[in-house]
Peer 1: 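Below you'll find the structure I mean.
None of these values were measured; they are calculated from a predicted model. Residue numbers count from 1 along this sequence. Heavy atoms only: backbone and side chains are in, while hydrogens, waters and symmetry mates are out.
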Amino acid sequence: DILRETLARVGKFEAPAEIRTVTGPAYEYRNRVQLHVDKRKIGYHKLGSNQLLEIDQCPISSPKIQDTIRILRQMARERRWPNFLKSIEIFTNETEVQVNVLESTLPVAQRFFDWCAEAIPGYAPGVLHYKTAGHSFRVSHDAFFQVNRFLVDDLTNLVLEGAEGESAIDLYSGVGLFTVPLGKRFAKVTAVETGSAAVRDARYNAELAGVRVDALQMQSEAYLAGDEAKADFVVADPPRAGLGKQVVEALCKAAPQRLHIVSCDPATLARDLVRLLQDYELESLTMVDLFPQTFHLETVAKLRHK
C-alpha cells in the first residue's frame with residue numbers, strides 16, 4: 001500500500017496490477033548495526049530524541065551481533081574502555097566480526113582493537129569475507145553491503161533475472177554483489193562506484209571469482225556522460241537519494257535495452273520513473289522486505305526500452 005500510494009502521489013502513475021513480494025524471517029535478519037555509546041553504556045537513541053537507551057539485545061540483529069553486543073557491554077565495564085567513543089558499528093557474516101569506530105572525540109588507540117581481537121571470537125580487522133549468491137565477497141570496513149542476511153541471495157537472483165545481452169553496466173556497484181555474477185553472464189561488464197575501498201573490493205572479488213570486469217571509481221553521471229556508456233543491460237542500485245535528473249537523462253540517452261533499478265526509497269523511485277517511463281515500459285515491480293519491523297522497503301523495478 002505504501003509503494004502504490006507513493007507512486008500515485010509522487011509519480012502520478014498507477015503501479016502495475018501485480019506487485020510481487022519477497023520476504024524472509026522477521027527477526028535476527030540484520031548483519032550490520034550501528035550503536036551509540038555514552039561512556040560505559042551501549043545502545044540506541046530513543047525514538048525522536050538523542051537520549052541513549054541501553055540495550056542487552058537487539059531482536060532484529062543476527063545471533064553473532066547479539067553475542068558481540070554482550071561482549072562489548074562486558075568490555076565497557078572495565079577501566080581500559082575508551083570513554084570518548086561515541087558510535088560503533090558491528091558487521092558480521094556469522095563467523096567473522098568487524099567492529100568499526102564511527103565517531104569518537106579522540107583518536108582510538110590500536111590497543112582497543114587488539115583488545116577486541118582478544119575478546120571477540122572471529123574478530124576480523126579491516127575486511128571480512130561474505131559468502132552469498134554463489135560467490136565470496138571481500139567487504140572492507142567502510143564499504144556498503146546489503147544488511148538482510150536472509151535475502152541477499154533472493155535479491156541478487158531477482159535483480160539479475162532477465163538480464164541478457166553482450167554487455168552490462170553496474171551503477172553504484174559497491175563491492176560487486178551484482179557485478180561478479182554479471183561477469184559470468186556477459187562478455188563485457190563495467191562497474192561504477194565512488195567509494196575507493198568498495199572499488200578495490202570489487203576488483204578483488206572479480207579476480208577471486210575468475211571473471212573479467214572493469215571496475216571504475218567515478219560518479220555514475222560522469223561515466224554515463226562518456227562515449228563508453230553503452231550496454232545491453234544496466235543495473236542501478238543508488239542510495240536513498242535515487243538516480244537523480246542527470247543520471248536519468250543520461251540513461252535515456254544511452255538507451256540500454258533493459259534497465260533494472262534497485263531502490264530503497266519509493267519516493268525517489270517514483271520521481272525517477274516519471275522521466276524513464278517516457279522511453280521505457282515498466283515490466284514489473286517487486287517489493288523485497290529487506291527491513292522487517294520497519295516501514296522501509298526495497299523495490300526492484302524492471303524496465304524495457306520501448
Peer 1: Give the minimum heavy-atom separation between Val99 and Phe113, together with the two atoms involved.
Peer 2: O-CE2, 4.0 Å
Peer 1: Does some side-chain heavy atom of Leu224 sit less than 4.5 Å from a side-chain heavy atom of Leu171?
Peer 2: yes
Peer 1: Is a side-chain N or O of Arg40 found less than 3.5 angstrom from the main chain of Glu78, in a donor-acceptor match?
Peer 2: yes
Peer 1: Side-chain heavy atoms under 4.5 Å apart, restricted to Ile/Leu/Val/Met/Phe/Trp/Tyr: what other residues fall into the cluster of Leu52, or is it alone?
Peer 2: none
Peer 1: The test is side-chain contact (heavy atoms from CB on, under 4.5 Å); show your working for Val192 and Met218 and say whether it passes.
Peer 2: CA-CA 6 Å; Val192 184; Met218 61 192 307; 3.9 Å; yes
Peer 1: Could you report the tightest heavy-atom contact between Pro256 and Leu251, atom names first, then the distance?
Peer 2: CD-O, 3.5 Å
Peer 1: Can you list every pair that meets salt bridge (charged side-chain N to carboxylate O under 4.0 Å, His left out) and has a residue in residues 8-28, with sequence neighbours left out?
Peer 2: Glu5-Arg9, Arg20-Glu161
Peer 1: One pair to check against side-chain contact (heavy atoms from CB on, under 4.5 Å): Asp265 and Thr6. What are the steps and the verdict?
Peer 2: CA-CA 10 Å; Asp265 188 326; Thr6 304; 5.9 Å; no
Peer 1: Do Leu276 and Ile261 come close enough that some side-chain heavy atom pair is under 4.5 Å?
Peer 2: yes
Peer 1: Scan residues 33-62 for pairs that pass ring-ring contact (aromatic ring centres under 6.0 Å, His included), counting only residues two or more places apart or in two chains.
Peer 2: His36-His45
Peer 1: For the pair Thr92 and Asn31, evaluate side-chain hydrogen bond (donor to acceptor under 3.5 Å, both in side chains) and give the outcome as yes or no after the intermediate values.
Peer 2: CA-CA 5 Å; Thr92 183; Asn31 58 29; over 6 Å; no
Peer 1: Salt bridge (charged side-chain N to carboxylate O under 4.0 Å, His left out) with Arg271: which residues, sequence neighbours excluded?
Peer 2: none
Peer 1: Quick one: CZ on Phe144 to CG on Leu177, what's the gap to the nearest 0.5 Å?
Peer 2: 8.5 Å
Peer 1: Once ring-ring contact (aromatic ring centres under 6.0 Å, His included) is applied, what residue pairs with a partner in residues 68-109 remain, sequence neighbours excluded?
Peer 2: Trp81-Phe112
Peer 1: Could you measure the distance from the CG atom of Asp272 to the CG atom of Leu243? Nearest 0.5 Å is fine.
Peer 2: 4.5 Å
Peer 1: Write down the atom of Val127, the atom of Ala124, and the distance for their closest heavy-atom approach.
Peer 2: O-CB, 3.4 Å
Peer 1: Mind checking who shares a hydrophobic cluster with Tyr204, ILVMFWY linked at side-chain heavy-atom distances under 4.5 Å?
Peer 2: Leu208
Peer 1: Nearest 0.5 Å, please: how far is CD1 in Ile65 from CG in Leu35?
Peer 2: 8.5 Å
Peer 1: Can you list everything that forms a side-chain contact (heavy atoms from CB on, under 4.5 Å) with Pro25? Sequence neighbours excluded, please.
Peer 2: Phe150
Peer 1: Which heavy atom of Leu3 sits nearest a heavy atom of Thr299, and at what distance?
Peer 2: CD1-OG1, 3.8 Å
Peer 1: Out of curiosity, Leu85 CG to Leu72 CG, how far, rounded to the nearest 0.5 Å?
Peer 2: 9.5 Å
Peer 1: Is the shortest distance from a Lys or Arg side-chain nitrogen in Arg138 or Glu207 to a carboxylate oxygen in the other one below 4.0 Å?
Peer 2: no
Peer 1: Between Val247 and Ser220, what is the shortest heavy-atom contact and its length?
Peer 2: CG2-CB, 4.3 Å
Peer 1: When you measure from the side chain of Lys188 to the backbone of Asp214, do you find a donor-acceptor pair of N or O atoms at a distance under 3.5 Å?
Peer 2: no
Peer 1: Would you check if Asn148 and Pro292 make a side-chain contact, meaning some heavy-atom pair closer than 4.5 Å?
Peer 2: yes
Peer 1: Are Val175 and Asn205 close enough that some pair of their side-chain heavy atoms sits under 4.5 Å apart?
Peer 2: yes
Peer 1: Can you tell me how far the CD1 atom of Ile42 sits from the CG atom of Leu53, to the nearest 0.5 Å?
Peer 2: 13.0 Å
Peer 1: Out of curiosity, Leu290 CG to Glu298 CD, how far, rounded to the nearest 0.5 Å?
Peer 2: 4.5 Å
Peer 1: With ring-ring contact (aromatic ring centres under 6.0 Å, His included) as the rule and sequence neighbours excluded, what pairs involving residues 233-289 come up?
Peer 2: Phe186-Phe233, Phe233-His260, Tyr280-His305
Peer 1: Which residue pairs satisfy the salt bridge (charged side-chain N to carboxylate O under 4.0 Å, His left out) criterion with at least one member in residues 107-128, sequence neighbours excluded?
Peer 2: none
Peer 1: Inspect the contact between Arg304 and Glu283 and indicate whether a charged nitrogen and a carboxylate oxygen are less than 4.0 angstrom apart.
Peer 2: yes
Peer 1: Hey, could you give me each pair passing salt bridge (charged side-chain N to carboxylate O under 4.0 Å, His left out) that has a residue in residues 84-104? Not counting sequence neighbours.
Peer 2: Arg32-Glu89
Peer 1: Which pairs, with at least one residue in residues 240-253 and sequence neighbours excluded, count as a side chain to side chain donor-acceptor pair (under 3.5 Å)?
Peer 2: Glu249-Arg275
Peer 1: Could you check whether any side-chain heavy atom of Leu158 comes within less than 4.5 Å of a side-chain heavy atom of Val288, counting everything from C-beta outward?
Peer 2: yes
Peer 1: Provide the closest heavy-atom pair for Cys264 versus Pro239 in the form atom of the first, atom of the second, distance.
Peer 2: SG-C, 4.1 Å
Peer 1: Kindly state each residue pair satisfying salt bridge (charged side-chain N to carboxylate O under 4.0 Å, His left out) with at least one member in residues 44-69, sequence neighbours excluded.
Peer 2: Glu54-Arg73, Asp67-Arg70
